[in-house]
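Have a look at the structure below, then the notes.
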Amino acid sequence: MSELVLTGPETETALTQEYFINMGPQHPSTHGVLRLVLTIDGEIIRRVEPHIGYIHRSIEKMCEHDSYRQIVHLTDRMDYLSCHMNNEAVCLAVEQALQIEVPERVKVIRTIVSELTRLASHQLWWGVMGMDLGAITSFLYGFRDREMINDIFEETCGARLTMNYNVPGGLMFDIHPNFQKRTKDFVAHFCTKLPEYDRLLSDNPIFRSRTEGVGYLSKEDAIGYGVTGPSGRASGFACDVRKRLPYSAYPQVEFTEIIRTEGDCFARYKARILEMWESLRIIEQLIDNIPEGEFQAPTKQVLKLPKGEYYQRVETARGDFGVYIISEGNKSPYRLKFRSPGFSNLFVLDKVARGSKIADLVAIMSTFDYVMPDIDR
Amino acid sequence: MFKAIADYFKEIYQTIRGLLVGMGVTGKYIAHARREIITQEYPDNRDTLQMFERFRGEVVLLHNEDNEHRCTGCSACEVACPNGSIEIIWARREDPETGKKKKQLETFVYHLSMCTMCNLCILACPTDAIKMGHNFEHAVFDRSQLTKVLNRPGSRLEKGVEE
Amino acid sequence: MYDFTPLVQAIQNYLSAHFSPGVATAIEWTLVILIYLAFYAVLGLVLVYVERRICAFFQLRLGPNRVGWQGTFQTVADAIKLLLKEPVTVNKADKLLFNLAPFIISLAALMVLSVLPFARGLQAFDINIGLLFIIAISSIGVVGILLAGWSSNNKYALIGAMRSGAQIVSYELSVGLSLITMVLLTGTLQLSGIIESQANGWWIFKGHFPAIAAFFLYITASIAEINRGPFDLPEAESELTAGFHTEYSGLKFAFFFLAEFVNMFTVAAIAATVFFGGWMPFHIGDWEAFNRIMDFIPPIIWFFIKVAAIIFLMMWFKWTFPRLRIDQLLHLEWKYLMPLNLMNLILMAILVYLGWHF
């Protein structure tokens with residue numbers, strides 16, 4: 001890898017040489033312990049090689065020793081920003097295998113909390129996106145609004161980030177009496193703040209010039225690499241699991257699948273901003289219509305999945321998250337595999353970032369919204 | 001030609017306008033900074049700090065005023081714990097009243113360093129002996145201090161729990 | 001009122017009465033150097049505190065508020081911490097250049113400070129080419145940045161330094177041109193003369209539109225020249241970790257940090273001097289009573305109020321805007337600032353020729 005590479009026709013007069021630079025594992029904008037080996041020609045990126053594994057905790061292997069109830073809390077530690085959706089995926093897989101019919105109330109609450117989690121994740125992403133591009137103030141504004149969601153979660157399930165709110169068959173607790181009021185307050189508050197997000201970043205000419213036309217990902221490549229979530233939809237790949245394979249209360253609600261065709265950084269940015277509006281819409285539809293009933297379906301003391309293979313997909317904030325369980329009929333799975341969206345989204349980076357500048361790479365990485373524990377597991 | 005020049009100045013105008021709108025947002029916040037700041041000055045507000053009722057800070061074994069707890073030593077929480085952070089040490093002892101030999105809690109060992117506050121032990125407990133405490137200031141200088149014994153010295157099982 | 005010339009004259013007379021001329025000059029120099037060094041350090045500390053506080057309010061935080069009243073001694077504590085830290089030198093770094101770089105940057109920042117008039121008679125070095133001197137010296141700073149980036153033996157630092165080189169070479173033009181636009185009005189390069197020419201009104205009011213345009217062009221270009229705000233590419237922390245000073249620690253890092261903030265002050269001070277009348281109080285036409293009250297405020301306070309306002313504007317820019325990319329940065333200069341500056345210059349020349357300014 002270290003051979004001297006001469007480029008350009010002007011090599012007779014000026015010798016240029018490509019060089020390597022290690023971006024990470026400790027770097028402010030790799031969002032965790034990601035290491036990128038960049039081959040650079042001046043400021044222009046020729047190759048990006050992501051090296052992962054710095055935060056590998058062998059969660060999949062740990063799952064093989066845990067009971068199905070215990071697995072749920074491990075998924076919190078993967079994509080910690082969409083912890084609720086990860087929990088939900090495992091619970092849905094187990095419920096599907098055991099043919100547990102969860103009450104309507106559970107479905108609706110799960111959907112509301114999912115959308116709140118998605119909002120919290122996107123708010124954090126928005127803040128970090130601004131920070132990566134140098135507008136540090138947006139980071140704090142994003143966190144301010146996220147704080148309200150965290151308070152809702154803390155009041156209802158006792159934890160702010162790794163919530164573990166789902167158990168196979170239902171929810172861990174019923175919603176707190178204040179839940180509805182707080183959520184409505186939040187929705188009212190955030191409806192006034194979202195236009196501010198636009199005014200501060202989306203309409204800023206510097207921001208536009210940093211993102212528009214940068215990091216183009218075609219629809220073919222998005223499908224080929226399996227880029228899902230808002231990143232994939234920004235390239236025109238209709239991949240929203242909530243629409244394609246609706247689960248929980250998503251069949252009841254009305255929302256638009258945000259699809260943009262530009263495929264550049266700004267499209268990915270805008271897709272997330274618009275998705276926040278859709279999440280608000282879903283919450284508004286459901287929050288007043290939580291049906292009465294039990295918050296848990298009766299389940300057995302020890303859950304043993306019948307022999308077979310089960311797969312469940314959900315839409316997390318980053319994309320299509322899948323849980324694949326192979327059961328031998330025991331109380332723990334024989335093999336459990338997570339299909340994490342971040343992993344597929346990361347390895348398209350080389351395709352997208354080639355030929356752009358170092359500063360663009362930072363913008364591209366933040367629009368793909370990586371969460372390293374999700375990628376390494 | 002003139003159109004190009006007009007476009008040039010129009011672009012400049014739009015750029016400046018976009019920048020000013022952004023500055024308006026931050027300007028609005030610095031003007032109302034006193035009202036909008038939501039930072040909690042944490043160590044100072046310790047006395048008034050109220051955690052939410054369901055907040056999960058640590059596992060505590062409840063004791064009443066007669067130093068009695070409700071743990072029968074059934075180990076359901078130990079089984080439910082995904083990380084092995086609970087160890088129940090029990091022994092068969094003679095009951096002073098009935099004279100029968102019976103399983104009793106000796107030591108409730110809790111490894112805080114391994115606990116992920118997943119709440120599964122609390123759900124598993126058949127006698128509601130343990131619950132999640134609100135204390136979150138767990139920092140210590142020595143790792144061994146994170147291994148705690150939850151049952152207080154000399155504590156006994158509360159009457160009527162086992163029926 | 002508030003003229004410092006007699007005071008300076010008295011010191012001069014006292015010294016020349018008691019010592020031989022050579023010794024008297026040496027003592028004067030030493031005094032000036034000591035005062036300016038102290039001012040340099042205090043200015044840096046105050047500005048760092050103010051920046052952190054204001055940035056915190058922009059971001060709805062509280063900012064440093066623990067050390068001393070409202071955290072006023074936070075930067076002193078930070079300075080002590082930096083003093084106590086180990087000055088690490090990287091393996092295979094060019095030791096001489098590595099150690100020299102912070103001094104070059106500090107020297108450039110300090111030298112520009114010496115020509116600034118703080119009040120009537122309160123100016124260390126009143127040369128007749130003051131403005132030219134400032135433009136010349138302020139670009140020496142880039143040598144320090146280039147040396148720092150080159151000698152650190154670090155690719156991030158090198159990229160940062162190269163960016164800085166490209167940036168300063170281009171933006172220097174705009175700084176110079178926008179100041180030249182004002183020199184057309186002032187008719188002199190001497191800073192005290194520039195201020196005297198604004199006795200009946202500040203240039204930003206007297207110079208109509210071209211002066212206002214020149215002010216904004218100057219602020220934009222000079223923010224870029226001192227690597228601040230949306231133009232902080234040489235140190236772009238989300239791309240290059242810390243850019244050219246990645247490998248510096250302890251006191252050497254503090255030198256860079258201090259110089260950056262003092263440069264910010266210098267830029268604001270030049271803007272205040274050229275566009276806002278330096279230490280001249282604010283007067284409105286013939287409102288005698290109002291003008292009297294304004295005169296009552298000491299000129300040094302006026303100077304610092306103006307500088308503070310401009311610094312606040314620069315902080316506002318920094319804490320609102322995202323960073324530009326290097327090619328966009330150069331586009332901005334060569335496609336927008338520079339042509340606009342030239343147009344503005346011609347406009348101003350016509351204005352002055354026709355005598356339309358006040």
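Below, chains carry the letters A, B, ... as their sequence lines are ordered, and counting in each starts from 1.
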**Request:** Kindly check if the number of other-residue, nucleotide or ligand heavy atoms within 6.0 Å of CZ (C:F73) is above 12?
**Result:** no
**Request:** Using a 4.5 Å cut-off on heavy atoms from C-beta on, say whether the side chain of C:L60 contacts that of B:I38.
**Result:** no
**Asked** Do C:F312 and B:I30 come close enough that some side-chain heavy atom pair is under 4.5 Å?
**Response** yes
Chain C/chain B interface donor-acceptor pairs under 3.5 Å:
unit_1	atom_1	unit_2	atom_2	d
C:N65	ND2	B:E41	OE1	3.3
C:R66	NH1	B:D44	OD2	3.3
C:R66	NH2	B:E41	OE1	3.4
C:R66	NH2	B:D44	OD2	3.3
C:W316	NE1	B:M23	O	3.1
C:W316	NE1	B:T26	OG1	3.1
C:T320	OG1	B:T26	OG1	2.8
C:K335	O	B:Y8	OH	2.7
C:Y336	OH	B:E11	OE1	3.4
C:Y336	OH	B:E11	OE2	2.8

**Partner residues of C:Y49 under the ring-ring contact (aromatic ring centres under 6.0 Å, His included) criterion, sequence neighbours left out** = none
Just list the side-chain donor-acceptor pairs under 3.5 Å for residues 302-310 of chain C, sequence neighbours left out, or say none.
unit_1	atom_1	unit_2	atom_2	d
C:W302	NE1	C:M294	O	3.1
C:K306	NZ	C:F276	O	2.7
C:K306	NZ	C:G278	O	2.7
C:K306	NZ	C:M280	O	2.5

Show which side-chain atoms of residues 258-271 of chain C pair as donor or acceptor with protein atoms under 3.5 Å away, not counting sequence neighbours.
unit_1	atom_1	unit_2	atom_2	d
C:N263	ND2	C:A259	O	3.3
C:T266	OG1	C:V262	O	2.7

